[in-house]
Amino acid sequence: MNVLVTGGSGFIGANLVRLLLVERPGWRVVNLDALTYAGNAENLAELDGHARYRFVRGDICNGELVADVLETERIDAVLHLAAESHVDRSILSPPVFIETNVRGTQVLLEAARELGVRRFVHVSTDEVYGSLGPSGLFTEETPLDPSSPYSASKASSDLLALAYARTFELPVVVTRCSNNYGPYQFPEKLIPLAIANALRDLPLPVYGDGLHVRDWIHVEDHCRGLLAALEKGESGQVYNLGASSERHNLDVVKQVLRLVGKPESLIQHVADRPGHDRRYAIDSTKARTVLGWAPRHRFEEALAATVRWYVERRPWWERIISGEYLAYYEKQYGAG
Ligand code: NAD
Ligand code: DAU
């Protein structure tokens, strides 16, 4: 089986490429990634020369390139992760989110249709459902109600993917996962940002009152869910993935501070994110019953292991935060 992972040099993609090579020794994995600010070749550097792995640097919006990769690599299945993924950046500058997440997805779907790909997993997010009140869970039937340019672009791409299943009978499966954490996450997202700032005694910015709720899942559990969706998902269906680990942002940040032995006085409440969704929580009953999938990691232990990873891999994130990210950080949080 030849599998194309798009966005394999990003956070979830890098974890997924590794998992596929270990768990499916008969598979060949091709990673198509443009290496934007969020893509990092270093994330998979140890795979250089691996007999069942190939990296192609390229943009999913380039139809000719995508068709060429699908054809020459004789791709059977696509796991589509390439995207602009950060909500705050989508508020600062929406256009690239439409280009990559909407148009790029359509380009891929079209090439997959023309070349007869046998399975297309479109990797999406619980953010397409918008915000929950204090109770209730997102199911696959929850109406789409995205709040940010990022989540609106993901909702649009979900609809395109499902339209390709219905109209062209392209075997598409859509997954919608909650907030991931774990190794290789870009330090603009809450958990790695909090760890990196705490380790340098810098303020930890918490938006608004910090009582927003996210439902956390370890990235490896997400990746196992994607593999299950690829192998067992039914075409045209949506599967929610989540680990039932709802936490207030403030509690997550306090836990990070405890784990690195730094004081809570580092917490700094800053202006709220515009359109900030108050609460996410996932009902993953369908994935658990139909795909036979279940998360394996518990939040407290897996967060501690994640913090250890960032402590031990300090050069990895220090290299990242000294580059383009510095300019973004100053724009988002002020020069400090
Ligand atoms: P990320 O930002 O860490 O990585 C995205 C990757 O896509 C990068 O390697 C980047 O170089 C690549 N990319 C961007 N534009 C591209 C283009 N035009 N052509 C080719 N490659 C391009 O993102 P992530 O957190 O790993 O998320 C991966 C996917 O999972 C996204 O589709 C995201 O919407 C979805 N998702 C993320 C989460 C989460 O908590 N991080 C949860 C649910 C779903
Ligand atoms: O729910 C899945 C989504 O999770 C994915 O689709 C996105 O790609 C991913 O980025 C993530 O989106 P969030 O906006 O939830 O993640 P982020 O880490 O940016 O923020 C998590 C929460 O923490 C959110 O309520 C905003 C808050 N936050 C974030 C940052 C970066 C802060 O309070 N301060 C911060 O500095």
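Read the numbers this way: they start at 1 and go in the same order the structure lists the ligands and their atoms. Just so you know, residue 1 is the first one in the sequence shown, and it goes up from there. Please read these numbers as outputs of a predicted model, since none were measured by experiment.
- Protein heavy atom nearest atom 34 (N) of ligand 2, with residue, atom name and distance: Pro205 O, 2.9 Å.
- The proximity of Val123 to ligand 1, defined as any non-hydrogen pair under 4.0 Å, involves the side chain as well as the backbone.
- Of the protein's non-hydrogen atoms, Asp33 OD1, 2.6 Å is the one closest to atom 11 (O) of ligand 1.
- Put simply, part of His276 is less than 4.0 Å from ligand 2, judged by heavy atoms.
- Polar contact check, Val206 against ligand 2: no nitrogen or oxygen pair lies under 3.5 Å apart.
- Closest protein heavy atom to atom 23 (O) of ligand 1: Ser85 OG, 3.2 Å.
- The closest approach between a heavy atom of Tyr150 and any atom of ligand 1 is below 4.0 Å.
- Proximity to Gly58 (heavy-atom distance under 4.0 Å) selects the following atoms of ligand 1: 19 (N), 20 (C).
- A cation-pi contact, defined as under 6.0 Å to the ring centre and within 45° of the axis, is absent between Arg273 and Tyr207.
- For Glu23 and Arg224, the salt-bridge test passes: some basic side-chain N is under 4.0 Å from an acidic carboxylate O.
- The closest approach between Ser9 and ligand 1 falls below 4.0 Å for a heavy atom of the residue.
- Residue contacts with ligand 2: Thr125 is placed with a nitrogen or oxygen under 3.5 Å of a nitrogen or oxygen of the ligand (distance criterion only).
- Ion pair Glu231/Arg119 not flagged as a salt bridge, since none of the NZ, NE, NH1 or NH2 atoms sits closer than 4.0 Å to an Asp/Glu carboxylate oxygen.
- Among protein heavy atoms, the minimum distance from atom 10 (C) of ligand 1 is reached at Thr36 OG1, 3.3 Å.
- Counting the atoms of ligand 1 from 1 in the order shown, those under 4.0 Å from a heavy atom of Ser124 are 43 (C), 44 (C).
- Of all protein heavy atoms, the one lying nearest to atom 19 (N) of ligand 1 is Ile60 N, 3.0 Å.
- Counting only heavy atoms of the protein, atom 37 (C) of ligand 1 lies nearest to Ile12 CD1, 3.4 Å.
- Checked for salt-bridge contact, Glu300 and Arg247 meet the test: a charged N lies under 4.0 Å from a carboxylate O.
- When heavy-atom distances to ligand 1 are checked against a 4.0 Å cut-off, Asn40 has no atom that comes that close, whether in backbone or side chain.
- Atom 28 (C) of ligand 1 has Leu81 O, 3.5 Å as its closest protein atom, hydrogens excluded (heavy atom only).
- At a 4.0 Å cut-off, not a single heavy atom of Lys154 sits close enough to ligand 2 to count as contact.
- Taking 4.0 Å as the cut-off, Gly8 does not count as a neighbour of ligand 1 on heavy-atom distance.
- In terms of protein heavy-atom proximity, atom 5 (C) of ligand 1 is nearest to Ala83 O, 3.5 Å.
- Ser9 and Asn43 share no donor-acceptor pair across their side chains, judged by distance under 3.5 Å alone.
- Of the heavy atoms in Arg176, none comes closer than 4.0 Å to ligand 1.
- Checked by atom type and distance alone, the side chain of Asn197 never pairs as donor or acceptor with a backbone atom of Ile195 at under 3.5 Å.
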